[in-house]
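Sequence lines set the chain letters: A, B, ... in the order given, protein chains first and strands last, and positions in each chain run from 1.
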There are 2 protein chains.
Amino acid sequence: MAEVHCVDCPLRRLPLFMSNSAQEIALVQSFKQREIRFNAGALVIQEGQTDASLFTLLEGWAFRFKTLSDGRRQILNFLLPGDFIGVQQKMADVAAHGVMALTDTVLCVFQRAALWELHRQSPTLGFNITWLTASEESLVDEKLLSVGRRTAEERIAALLVQLFHQAAARQTAPVADGVAFPLTQQEIADALGLSLVHTNKTLRKLERRGLHRIENGCLYLHDEVALKHAADMYGPGGVGGPSNRPLI
Amino acid sequence: MAEVHCVDCPLRRLPLFMSNSAQEIALVQSFKQREIRFNAGALVIQEGQTDASLFTLLEGWAFRFKTLSDGRRQILNFLLPGDFIGVQQKMADVAAHGVMALTDTVLCVFQRAALWELHRQSPTLGFNITWLTASEESLVDEKLLSVGRRTAEERIAALLVQLFHQAAARQTAPVADGVAFPLTQQEIADALGLSLVHTNKTLRKLERRGLHRIENGCLYLHDEVALKHAADMYGPGGVGGPSNRPLI
DNA sequence: CGACGTGTTGATCTCTCTCAATTAGAGTGG
DNA sequence: CCACTCTAATTGAGAGAGATCAACACGTCG
């Protein structure tokens, strides 16, 4: 149960993340309080909670979500190792979102003042936080385009392509040509604004057409070009391209 | 055509915005290059453009949007005076969004390096930029909930309530109990992921029920409680509540 | 005065939702 | 080892919210 020192953070070994100076790493370390584990399905942050801690996702997947009073749920985006959690809770004047663990997860917990102190003591890390926040917004933008204007088939195809790249960029041990994919169809549905049943039917249709396969919690893209075409995605479409991203 | 000095920025007189120190204002001023005007409908930033300037919206309304190859358009959020424009363009590794002027607008133009320099030279302003970015993301989150999980009627009601508060908070001269509302129904439709026709029908239904009225480019909420109820909004639901927001 | 943008309304059509039922796998307890 | 239970995936059938098509009204503007 030994906690990782930030210097030895396994995430820093991934090519996705840019390297920090020893000084920056020490600063981040000084704000780390502890690690905390959540089981799959556990609520990390409750909707409406405004005094949540700051977290960094170290292991596992989670997601941000919002719900309506009758239980309808919208998943805002998925969180993967290296993602920063809890910036909005301290800022928002509109009701905040919840965060739920999708798999068993390990999080690094930072004291609440860290957000400000990082800005104050290191402009570079402060800038990185802005970068991460803006970058997460881009993901939500993309999802809003999907949910607002794409058909069910296009939405599913877009999600598969995007998550594949997000997951691949954080994968330490490449599992053949597939990536770990722990989502249930209900979660896919809630992320895309679709019903469970229609999500299933559309997913099967794409699978029968040979574009992808989901098996034993792994996602394989058999025809990424066709998927991107089906999704009307003509950009790079993935996170983790040429440029690196900050790690706090 | 005299350009405003940041010290005399009319926006600072609004109760919505928190006050900055003279030093901070001078710093912001030092990065201001000029003002620029756009006519209604003009493209401020093109989709995919990654070298755009930074702007602050001084007068008028604009919106951020994304489109698919066949022209389907999703409006991501509306921009009102005081909003900061262009942070994502410098950060995103996914294709960026466009920005279009909704009315005739005046923008303050900042040099591109300002984003980093503000962080470097003033942790407070750097923190404010993070705040603004996170706050904008909250708006997109809320819209994603609408588009993904609310019915057409709920979406329209939610949008009316939200825009009413956003507009009211920036209004200098209160126009009776209404606020300026320059949106066409097409733009409302594109913001909510609905068709123009269905938007019109739903809008009329709410209007006939006496919940609101749109007349001569002004929006009046006749029964805000009922609208919030119709929208399934139980939080404060508005931007610009008790706490002030930064102005860059 | 005609062209154009915006708003309005009616009539279909269809994509997606809801309801219902079945299968398969993983645990659990007797 | 075998019922029993629970969750997740799957498939069919019918219903409905919202899309599309088509007309028309109204104001502005060159």
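- Taking atom CG of B:L203 as the reference point, atom P of C:dT6 lies 15 Å away to the nearest angstrom.
- Below 30°, between 30° and 60°, or above 60°: for A:F78 and A:W61 the angle between ring planes is between 30° and 60°, a tilted geometry.
- There is no side-chain donor-acceptor pair under 3.5 Å between A:E224 and A:H229.
- Taking atom CD of A:Q185 as the reference point, atom P of C:dA24 lies 16 Å away to the nearest angstrom.
- When B:L80, B:L107, B:V106 are each tested for a side-chain contact (heavy atoms from CB on, under 4.5 Å) with B:E59, only one passes: B:V106.
- Taking the charged nitrogens against the carboxylate oxygens, B:D83 and B:R245 do have a contact shorter than 4.0 Å, which makes a salt bridge.
- One interatomic measurement links the two molecules: CZ of A:F181 to P of D:dA8, which rounds to 15 Å at whole-angstrom precision.
- Atom CG of A:L183 and atom C1' of D:dT7 are 16 Å apart (whole Å).
- A straight line from CD of A:E187 to P of D:dT7 spans 14 Å, rounded to a whole angstrom.
- In this entry the distance linking CG of B:N200 with C1' of C:dT9 reads 8 Å, nearest Å.
- Heavy atoms from other residues, nucleotides or ligands lying under 6.0 Å from CG of A:D70 number more than 12.
- Rounded to whole Å, atom P of D:dT7 lies 16 Å from atom CG of A:N39.
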Revision key, fill the gap. With sugar-phosphate taken as primed atoms, P, OP1 and OP2 and all else as base, the protein-contact string of nucleotides 10-22 of chain C at under 4.0 Å (heavy atoms; B, S, -) is BB----BSBB---
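- Where the helix from C:dC1-D:dG30 to C:dG30-D:dC1 starts and where it ends, the local axes point in directions that differ by 30°; five pairs per end, rounded to 10°.
- Judged purely by distance below 3.5 Å, without hydrogens or angles, the side chains of A:E142 and A:Q162 never pair a donor atom with an acceptor atom.
- Between A:Q186 and D:dA9 there is no side-chain polar atom (N or O) within less than 4.0 angstrom of OP1 or OP2.
- Residues A:T184 and A:E187 bring a donor and an acceptor atom of their side chains to less than 3.5 Å of each other.
- Rounded to whole Å, the distance from CD1 on B:I156 to P on C:dG7 is 12 Å.
- A donor and an acceptor atom, one from each side chain of A:E47 and A:T67, are located under 3.5 Å apart.
- B:G193 and A:R149 make their closest contact through C-NH1, 3.5 Å (heavy atoms, listed as atom of the first residue, atom of the second, distance).
- A side-chain contact (heavy atoms from CB on, under 4.5 Å) with B:E207 holds for exactly one of B:H222, B:E215, B:R213; it is B:R213.
- Phosphate proximity of D:dA9 to A:R204: absent, as no side-chain N or O sits under 4.0 Å from OP1 or OP2.
- Contact annotation for A:R72: no contact, since no heavy-atom pair falls under 4.0 Å across all strands.
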Exercise for review: At under 4.0 Å between heavy atoms, which parts of nucleotides 25-30 of chain D does protein reach? Answer with one letter per nucleotide, 5' to 3': B base, S sugar-phosphate only, - none.
Suggested key: ------
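- There is a side-chain donor-acceptor pair under 3.5 Å between A:E136 and A:Q88.
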